Enquirer: 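Dropping a structure here in structure tokens format, bear with me for questions.
Throughout, protein chains are lettered first and strands after them, A, B, ... in sequence-line order, and every chain is numbered starting at 1. Because the structure is predicted, anything quoted here is derived from the model rather than measured.
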Number of protein chains: 2
Amino acid sequence: MQETQPVTPAGRRIVAAAEELFYERGITAVGVDLIAQHSGVTKRTLYNQFGSKDHLVAAYLAERDQRWRSMVRTAVDACDDPVETVTTPFRVLLTWSRTNTRGCAFINALAELPDPSHPAHRIAADQKSWLRDLFRELAAAAGCSGPDTLATRLLVLHEGALATRPLPLDTLSESTELARALVRASAPPRG
Amino acid sequence: MQETQPVTPAGRRIVAAAEELFYERGITAVGVDLIAQHSGVTKRTLYNQFGSKDHLVAAYLAERDQRWRSMVRTAVDACDDPVETVTTPFRVLLTWSRTNTRGCAFINALAELPDPSHPAHRIAADQKSWLRDLFRELAAAAGCSGPDTLATRLLVLHEGALATRPLPLDTLSESTELARALVRASAPPRG
DNA sequence: ACACTAGTTCACAGATCAGTATACCCAAGA
DNA sequence: TCTTGGGTATACTGATCTGTGAACTAGTGT
């Protein structure tokens with residue numbers, strides 16, 4: 001993370017407006033004027049809080065990342081069966097993508113911001129590696145064989161389901177089933 | 001398809017420049033002036049050929065789609081083993097993504113163009129469903145059981161590998177291996 | 001009484017954006 | 001020879017973009 005979120009009420013409203021507008025309409029297509037207007041704030045305040053549009057983009061992605069991670073963490077903690085827990089992110093994705101129909105915000109951000117030194121790249125990379133690490137930890141905890149390979153494969157399935165989300169295909173349930181099959185196949189037999 | 005490509009030399013140079021610039025830097029971030037300049041053409045010529053930036057974007061995606069499809073078709077035709085043929089798009093992806101490191105141009109385009117009535121959406125959807133149909137045909141030809149389910153799963157793996165391409169993770173080889181395992185598992189035993 | 005902080009208002013700079021207008025050049029075909 | 005079409009050159013419109021300057025207001029803590 002490290003992208004410290006603003007503490008002032010105006011700052012929070014700005015990030016909230018940025019979250020919706022950037023994700024729904026695209027980063028480059030949304031101007032700072034529009035965000036200021038939607039958050040009921042002056043453009044001057046926006047720049048006092050974030051300094052530049054790029055930093056606001058970083059705050060937007062960091063906020064979204066944090067929200068998603070806490071959702072996953074909560075769902076993981078609520079799951080009892082260790083084997084089922086491994087595929088929890090896929091079930092979270094089912095809920096998540098009901099209100100987020102425009103695919104992965106981080107992949108989308110990378111599409112618009114080619115510069116690798118842009119903070120968005122690090123945030124996106126961190127998010128994916130966090131998920132991969134989570135898959136590996138959960139797989140190891142469930143006693144799965146080859147947790148490293150399994151984790152990468154689950155990540156690919158997860159991202160594939162997310163990336164094809166804007167398309168008129170139901171890839172989510174199919175990828176979830178395959179993920180569950182992979183986990184069961186590598187898990188030790190039930191005692 | 002249906003997006004008829006321009007026949008004049010200037011038109012072809014414009015599309016070529018658009019292909020590189022749009023993919024490398026993003027659609028919204030690249031102006032028509034830059035494309036005209038890179039293709040050694042006047043902006044007037046660009047508008048005479050394509051009418052608007054949106055139509056040029058459509059031509060860019062259609063051209064890219066056509067190029068990729070012919071690459072896949074050639075590789076499929078060159079493969080003898082029916083079972084190996086099913087995973088040919090993954091091997092094509094290995095070559096393709098060496099020079100296309102910014103992920104899927106169609107997913108990226110959808111990220112920037114939220115309007116579902118934009119021609120880019122249909123082109124992207126067509127491309128994905130074409131690939132899914134190809135997977136299903138190849139799976140059926142190889143005698144795989146459940147070619148429909150298998151095709152969707154292969155598509156998810158393919159898109160997952162492509163979507164995670166800009167990230168510092170080697171997901172391509174892992175997804176290729178898993179794809180091959182899936183095909184082998186559903187293929188009839190060798191005689 | 002004083003200073004500090006968050007926020008407002010409003011004007012403005014400088015650049016870039018998509019798209020148009022006008023006039024011209026030149027080669028091929030009827 | 002005359003027309004037509006692809007293309008050039010250049011200037012332009014009107015809108016929008018990110019970002020800044022300067023002065024002002026209101027609350028809060030010391």
Enquirer: Grab the CG-C1' distance between B:Asn48 and C:dA23 for me, whole Å please.
Expert: 14 Å
Enquirer: Answer yes or no: does atom CD of B:Glu20 have more than 12 heavy-atom neighbours from other residues, nucleotides or ligands under 6.0 Å?
Expert: no
Enquirer: Quickly work out the B:Ile35 CD1 to C:dT16 P distance and round it to whole Å.
Expert: 16 Å
Enquirer: Between C1' on D:dT8 and CD1 on B:Ile14, what's the gap in Å once rounded to a whole number?
Expert: 12 Å
Enquirer: Quick one: OG1 on B:Thr87 to NE2 on B:His158, what's the gap to the nearest 0.5 Å?
Expert: 11.0 Å
Enquirer: Less than 4.5 Å apart, side chain to side chain, heavy atoms only: is that true for B:Arg180 and B:Arg184?
Expert: yes
Enquirer: If we ignore hydrogens and angles and just use 3.5 Å, is the side chain of A:Ser52 paired with the main-chain N or O of A:His55 as donor and acceptor?
Expert: yes
Enquirer: Report, one pair per line, the protein and nucleotides 18-22 of chain C atoms (nitrogen or oxygen only) whose separation is under 3.5 Å.
Expert:
from   : atom 1 : to      : atom 2 : distance (Å)
C:dA18 : OP1    : B:Lys53 : NZ     : 2.7
C:dA18 : OP2    : B:Val32 : N      : 2.9
C:dG19 : OP2    : B:Tyr47 : OH     : 3.1
C:dG19 : OP2    : B:Lys53 : N      : 2.9
C:dG19 : N7     : B:Lys43 : NZ     : 2.9
C:dG19 : O6     : B:Lys43 : NZ     : 2.2

Enquirer: Are OP1 or OP2 of D:dT8 and a side-chain N or O of B:Thr42 less than 4.0 angstrom apart?
Expert: yes
Enquirer: Starting at CD of A:Gln49 and ending at P of D:dG19, how long is that distance when rounded to a whole Å?
Expert: 16 Å
Enquirer: Specify the separation, in whole Å, of atom CZ of A:Arg13 and atom C1' of C:dG7.
Expert: 10 Å
Enquirer: Check whether A:Asn108 reaches the backbone of A:Arg102 with its side chain - one donor and one acceptor, N or O, closer than 3.5 Å.
Expert: yes
Enquirer: For side chain to side chain donor-acceptor pair (under 3.5 Å), just list the numbers for B:Glu174 and A:Thr152, CA-CA rounded to whole Å, side-chain angles, deciding distance to a tenth of an Å, and then say yes or no.
Expert: CA-CA 7 Å; B:Glu174 205 58 59; A:Thr152 301; 5.3 Å; no
Enquirer: Do any side-chain nitrogens or oxygens of A:Thr8 fall under 4.0 Å of OP1 or OP2 in C:dG7?
Expert: yes
